[in-house]
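All values derive from a computational prediction rather than experimental measurement. Just so you know, residue 1 is the first one in the sequence shown, and it goes up from there. Computed from heavy atoms alone, side chains included, the values below leave out hydrogens, waters and symmetry copies.
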Amino acid sequence: MYEQVSHTLLNDILNQLKPEIYKQDIRHFYTRLGANFYAIHSLFSKLYGNRPDFEQQALRLVETMARNYINRPDELHELDTKRERDYNWFLSQQWVGMALYSQGFADNLQGVSKNIGYFQELGVNLVHIMPIMRCPEGESDGGYAVSDFRQIDSRAGTLDDLKQLSSELRNRDILLVLDVVVNHTSNEHEWAQCARKGDKHYQDYFYTFSTRNVPDMFEQSMPEVFPDTSPGNFTWDEDMQRWVMTVFNDYQWDLNYSNPAVFIEMLDILLYWANLGADILRLDAVAFLWKKIGSTCQNEREAHLILQLMKDCCQVTAPGVVFIAEAIVAPVEVIKYFGEDAVIAKECEIAYNATFMALLWDTVATKNVKLLNQGLKSLPVKLERATWLNYIRCHDDIGLGFDDSDIALAGYEPSRHRKFLIDYYTGHFDDSYASGLPFGLNEKTGDARISGTLASLVGLQYALEAGDMSIIDDSIKIILLLHSLIMSFGGIPLLYYGDELGTINDDNALNEPGKAGDSRWIHRPTIDWSKAEQRNIPGTVEYKIFSALKRMIAVRKEIEVFADFNNRDLLEVENPHLFVFDRAFSAMPGQRVLVVANFDARPHVLGLDELNGWAENQNGPLIDLYSGQSPDIFNRTLVVPGYGFYWLSHVI
């Protein structure tokens with residue numbers, strides 16, 4: 001019955017489409033809309049069906065999809081069709097990504113275009129360019145406070161620069177990832193400026209209140225994201241004479257998705273950037289999309305409905321585009337951003353594996369895999385047509401959001417263990433060579449997150465300053481060890497620009513306007529291209545890291561079982577320093593890889609008899625696929641070098 005109603009409404013909407021849309025040849029659009037309209041109408045009705053303007057808003061929604069379909073370039077329509085046929089295209093082990101700021105990487109988008117060869121040299125074929133939309137001149141949360149969703153910030157370049165870059169990347173089979181900040185705007189955005197002038201229409205785009213009554217009710221259950229620099233979740237705006245919800249910073253106004261006009265505006269913006277050539281859209285702060293009094297205002301059911309609706313609408317207009325969920329939340333929650341009660345992803349196809357990232361940093365500090373194994377056992381199995389984005393370092397801080405029960409099961413007291421990790425990575429612990437800084441320190445609880453480049457956090461900065469070759473070598477080994485795991489774990493590995501060269505903290509960044517007080521700027525580097533040339537000089541730190549990663553990426557692309565089809569088995573062994581897992585396809589028993597990683601500086605042994613018959617079930621001698629050499633085996637024990645790793649397989 002409901003399906004009949006939705007199809008009747010669809011016919012009514014199609015009959016009302018504007019003439020300039022109706023006259024176009026959009027047969028594929030009609031076919032996809034018909035296939036998805038039941039889900040779209042159902043979701044739109046759940047969110048907004050009680051509004052008197054529901055049918056008018058539903059018409060606007062379809063018009064928005066149709067207009068963007070018409071504006072989509074022919075070559076992107078062709079790519080949509082190709083990816084619809086090969087719907088698992090993004091699960092391949094062939095993809096290896098790099099995240100970067102265009103200004104830090106090469107001054108601007110034109111500079112990125114000039115250095116595309118660098119990505120190809122390394123083997124990177126997915127490039128995530130972090131926020132390039134217009135943002136305030138001063139504080140902008142690293143570009144995540146957007147002043148105009150349809151314009152490029154002049155410091156990054158122009159729309160023509162982006163179109164040129166997008167075309168060049170596509171010609172070289174490199175995917176382009178762009179950010180869309182879906183949760184909030186800058187207070188300089190046109191919508192916010194209209195709201196400030198008293199425009200009720202645009203005040204309804206945000207959460208604004210004339211008194212503290214409602215904000216105080218929200219504050220009772222909402223946590224603080226930046227308690228040291230932006231306490232609370234509401235800011236008084238003098239111009240508007242109202243309180244406005246600002247969950248992140250006081251200059252970032254949260255969007256009100258209970259208003260369908262906001263949803264339609266943001267969908268239009270997503271499709272706008274898809275039509276400019278983005279293969280993947282990274283949706284920022286998706287856990288915060290729905291606000292409800294009495295809750296934490298994170299991970300609400302309606303936030304998932306919004307993402308499902310965005311995905312269904314995108315499937316109609318630009319089905320070749322996939323979404324990344326930037327949801328840095330507990331494992332039991334993050335898995336939901338793929339979509340619940342489904343086989344294929346019905347929200348976002350890709351999600352950050354923040355749990356794996358944080359657990360890796362714990363293991364580097366403790367040299368013990370107990371919490372790593374325990375935490376991964378608590379990570380739910382993802383959907384079949386979905387994948388993780390595995391990373392070591394990103395533009396943001398490193399949070400220590402482990403589950404307290406997992407920490408306890410690993411044998412640690414949760415609060416003391418987090419304090420140890422903060423001390424370790426800020427260099428306040430014996431035997432730590434880390435050069436990190438705290439971020440988001442909460443004076444009430446003592447909790448903090450950690451800033452610093454990969455190289456500085458594993459001791460390379462200290463070692464270079466001290467001229468200690470032994471620590472330099474160990475630091476490089478740790479850098480490669482960590483990359484070997486994000487390459488082999490299952491998902492898309494995402495390198496962070498500068499890590500491939502061993503870039504250390506930029507301590508001078510905090511002296512620049514708009515950056516003081518935000519320690520994350522020390523790990524948002526500006527690449528020194530003259531220094532980067534040392535990657536071609538044997539014996540240099542840059543050469544050792546870059547050449548090793550280049551080989552690692554090339555080998556990864558040849559290992560089919562590294563594709564992400566839930567084909568990973570964790571193997572817990574007696575040695576607490578060794579992390580071990582198996583990658584295999586049940587349908588292809590001859591293709592199997594054992595990943596072994598040693599988090600201690602000393603060599604350790606692994607008894608082959610501990611591997612549940614792994615060695616016996618294969619034919620031929622063992623070989624390390626990364627090095628191409630046979631590993632050291634003595635008396636049925638595998639010897640794993642200090643901070644070493646193996647990708648082991650059998651030579652058939």
Side-chain angles (χ1 to χ4, degrees), residues 359-360 363-374 376 410-411 431 458-459 469-490 544-545 547-549 551-552 554-556 558-562 567-584 588-652:
L359 290 168
L360 288 175
T363 313
V364 169
T366 62
K367 299 177 174 56
N368 190 307
V369 302
K370 289 187 297 183
L371 184 53
L372 176 57
N373 281 324
Q374 180 59 43
L376 290 178
D431 299 325
V458 300
M469 291 305 301
S470 175
I471 302 177
I472 289 174
D473 288 343
D474 279 350
S475 299
I476 292 173
K477 289 176 184 176
I478 297 172
I479 290 172
L480 300 181
L481 171 67
L482 292 172
H483 279 96
S484 78
L485 293 174
I486 67 168
M487 297 277 183
S488 59
F489 184 77
K544 290 177 180 178
I545 298 174
S547 60
L549 290 180
R551 177 180 178 83
M552 197 182 296
V555 173
R556 168 196 155 81
E558 297 299 319
I559 302 175
E560 292 185 20
V561 294
F562 281 178
N567 55 320
R568 179 187 61 256
D569 287 316
L570 199 62
L571 303 177
E572 294 188 73
V573 299
E574 291 183 7
N575 193 313
H577 303 290
L578 300 181
F579 179 51
V580 185
F581 57 88
D582 184 16
R583 300 298 311 277
M588 304 171 67
Q591 295 190 25
R592 199 170 181 186
V593 176
L594 186 74
V595 177
V596 183
N598 179 8
F599 278 88
D600 192 38
R602 299 167 297 168
H604 284 274
V605 296
L606 173 62
L608 296 181
D609 294 332
E610 291 187 62
L611 301 179
N612 298 323
W614 190 90
E616 283 75 10
N617 290 338
Q618 305 291 315
N619 297 315
L622 278 174
I623 188 170
D624 173 33
L625 298 178
Y626 168 71
S627 66
Q629 304 296 315
S630 297
D632 292 327
I633 299 177
F634 179 75
N635 282 345
R636 292 190 58 75
T637 60
L638 176 72
V639 179
V640 190
Y643 297 131
F645 69 92
Y646 289 130
W647 291 348
L648 295 174
S649 188
H650 286 266
V651 179
I652 305 299

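Residues Leu611 and Leu606 meet the side-chain proximity criterion, which asks for heavy atoms closer than 4.5 Å. Between Leu638 and Leu648, the closest side-chain pair of non-hydrogen atoms falls below 4.5 Å. Put simply, the side chain of Ser475 does not reach to within 4.5 Å of the side chain of Ile472, judged on heavy atoms. Counting only heavy atoms from C-beta outward, the side chains of Asp582 and Arg592 approach each other to under 4.5 Å. Asp624 is listed as a side-chain neighbour of Trp647, based on a closest heavy-atom distance under 4.5 Å. Between Val593 and Leu625, some side-chain heavy-atom pair lies under the 4.5 Å cut-off. The side-chain heavy atoms of His604 and Phe599, taken from C-beta on, include no pair separated by under 4.5 Å.
The two residues Arg602 and His577 make their nearest non-hydrogen contact at NH2-NE2, 3.9 Å. When all heavy atoms of Asp474 and Ala601 are compared, the closest pair comes out as OD2-CB, 4.4 Å. What you find for Gly644 and Leu481 is that their closest heavy atoms are O-CD1, 3.6 Å. Ile623 and Gly628 get closest at one heavy-atom pair: CD1-O, 3.5 Å.
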**Message:** Show, in sequence, the C-alpha distance, side-chain angles and deciding distance for Leu622 and His650, and conclude whether the side chain to side chain contact (heavy atoms under 4.5 Å, CB included) test is met.
**Reply:** CA-CA 5 Å; Leu622 278 174; His650 286 266; 3.5 Å; yes
**Message:** Set out, in order, the CA-CA distance, both residues' side-chain angles and the distance that settles side chain to side chain contact (heavy atoms under 4.5 Å, CB included) for Leu482 and Val364, then state yes or no.
**Reply:** CA-CA 9 Å; Leu482 292 172; Val364 169; 3.8 Å; yes
**Prompt:** Would Asp473 and Lys544 satisfy side chain to side chain contact (heavy atoms under 4.5 Å, CB included), going step by step from the backbone distance to the final call?
**Reply:** CA-CA 10 Å; Asp473 288 343; Lys544 290 177 180 178; 3.8 Å; yes
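Ile486 contributes atom CD1, which lies 9.0 Å from atom CZ of Arg556 (distance to the nearest 0.5 angstrom). If you take CD on Gln629 and OH on Tyr646, they are separated by 10.5 Å, rounding to the nearest 0.5 Å. In this structure, CZ in Phe581 is found 9.0 Å from CG in Leu594, a value given to the nearest 0.5 Å. Leu570 contributes atom CG, which lies 6.0 Å from atom CG of Leu376 (distance to the nearest 0.5 angstrom). Taken from CD1 in Ile545 to CD1 in Ile476, the straight-line distance is 5.0 Å, to the nearest 0.5 Å. The line from NZ of Lys370 to CZ of Phe579 is 16.0 Å long, rounded to the nearest 0.5 Å.
Cation-pi contact between Arg583 and Phe562: absent, since separation from the ring centre below 6.0 Å together with deviation from the ring axis within 45° is not met.
Thr363 places no side-chain N or O within 3.5 Å of a backbone atom of Val369 that could act as its donor or acceptor partner. Using modelled atom types, one side-chain atom of Asn598 and one backbone atom of Pro641 make a donor-acceptor pair closer than 3.5 Å.
Each of His483, Met552, Met487 was scored for a side-chain contact (heavy atoms from CB on, under 4.5 Å) with Phe645, with one residue passing: Met552.
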